[in-house]
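Take a look at the structure below.
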Amino acid sequence: MLEAYLTRKPEFEIVQMESEDCRLVSALHGERFPRPWNDGEFHSLLMQPNVFGFVARQLNGFFKPPLAGFVLTREVAGEAEILTIAVHLKAARFGLGWRLMQAAIREVRARGGESLFLEVDDGNHPALGLYRKMGFQKVGERPAYYTDKNGVRTTALVMKRDLR
C-alpha cells in the first residue's frame, strides 16, 4: 500500500496567481534561473492590470514541492508575452509546463489576444521542444542576451504563436 502511494502519479491544481504567491514564485524562480527575480519584482509585475499569472500546486504525493510551477504573462493591445515560466524539478516530466502554458493561452484569448511571444535560451532544449509542440515558431534572436551560471553569454530565441 505504501509503495502504491509513493509511486502514484502526481496531481496538480492550477489557479490564478495572487500576491501572496510571490514569495514562493520567487523561490522557485531562484532554483531554476541564474538571475532570479525577487518577490518584490514579481509583486510589482502582478499588480499591473495587464499582467496575470497562474501557479500550480501538487495535490498528492509524499515529496511535494512548496510550489510545483508558475507562469507569468503580460497582454497589451492584442499581443501577449510569457514573461517567465518555471516548473519545479520534482514536478518535471508530468506535463505541467504544457498545462501552465495552456492556462496562459486561454487567458490571453479571453482578453482578446491574437498572438503570444516568448523568449527562451537557445540551449534550453526541453523548453524548446515544448514550445515547438505547442505551435511556437522562431521569429528572431537576441545574441548574448542571457548569462548562464558560469558567466557565459547565450542567445535568446524569440518565438511566436498565432492565437487566431
Side-chain angles (χ1 to χ4, degrees), residues 9-76 79-111 113 116-131 134 136 142-161:
K9 186 176 178 182
E11 297 172 14
F12 302 97
E13 71 171 347
I14 296 177
V15 297
Q16 192 83 33
M17 185 186 295
E18 303 291 340
S19 60
E20 302 82 43
D21 297 315
C22 290
R23 183 182 56 78
L24 290 175
V25 167
S26 174
L28 177 53
H29 197 263
E31 292 174 19
R32 302 297 289 173
F33 292 94
R35 194 310 203 170
W37 301 353
N38 65 45
D39 58 340
E41 291 170 301
F42 278 103
H43 186 266
S44 178
L45 283 165
L46 194 57
M47 292 301 100
Q48 297 175 21
N50 61 331
V51 175
F52 60 91
F54 295 93
V55 295
R57 293 185 179 87
Q58 189 170 331
L59 299 174
N60 65 342
F62 189 69
F63 300 106
K64 294 189 293 194
L67 188 68
F70 70 87
V71 61
L72 190 66
T73 309
R74 174 176 30 218
E75 189 274 327
V76 177
E79 290 187 347
E81 171 188 16
I82 299 294
L83 298 172
T84 187
I85 181 172
V87 172
H88 195 283
L89 283 175
K90 290 181 181 177
R93 311 303 295 163
F94 293 108
L96 191 53
W98 178 279
R99 291 181 57 200
L100 286 163
M101 289 292 292
Q102 289 295 88
I105 288 168
R106 279 191 301 275
E107 182 66 21
V108 168
R109 283 184 170 140
R111 292 173 179 234
L116 181 59
F117 290 85
L118 58 82
E119 293 171 350
V120 59
D121 190 308
D122 67 350
N124 188 343
H125 300 292
L128 282 168
L130 170 65
Y131 301 146
M134 296 190 80
F136 284 85
R142 293 179 185 225
Y145 186 74
Y146 295 116
T147 304
D148 72 11
K149 292 177 182 177
N150 299 317
V152 175
R153 305 288 293 189
T154 60
T155 297
L157 301 181
V158 180
M159 301 184 82
K160 177 185 178 184
R161 176 177 166 180

List for me each residue that meets side chain to side chain donor-acceptor pair (under 3.5 Å) alongside [X], sequence neighbours excluded, and say none if there are none.
X      : result
Arg35  : Glu41
Asp39  : none
Thr147 : Arg153

Qualifying ring pair (Phe, Tyr, Trp, His ring centres under 6.0 Å) pairs, either residue in residues 79-102, two or more places apart: none
Heavy-atom closest pair, residues Ala86 and Arg32: CB-CG, 4.0 Å
[Y] side chain reached by [X] side chain, heavy atoms, under 4.5 Å:
X      : Y     : result
Met159 : Ile82 : no
Trp37  : Leu72 : yes
Ile85  : Thr73 : no

Arg142: salt bridge (Lys or Arg N to Asp or Glu O under 4.0 Å) partners, not counting sequence neighbours: Glu119
Qualifying residues under ring pair (Phe, Tyr, Trp, His ring centres under 6.0 Å), relative to Phe54, sequence neighbours excluded: none
N/O donor-acceptor pair under 3.5 Å between Arg161 side chain and Met134 backbone: yes
CZ (Arg109) with more than 12 external heavy atoms under 6.0 Å: yes
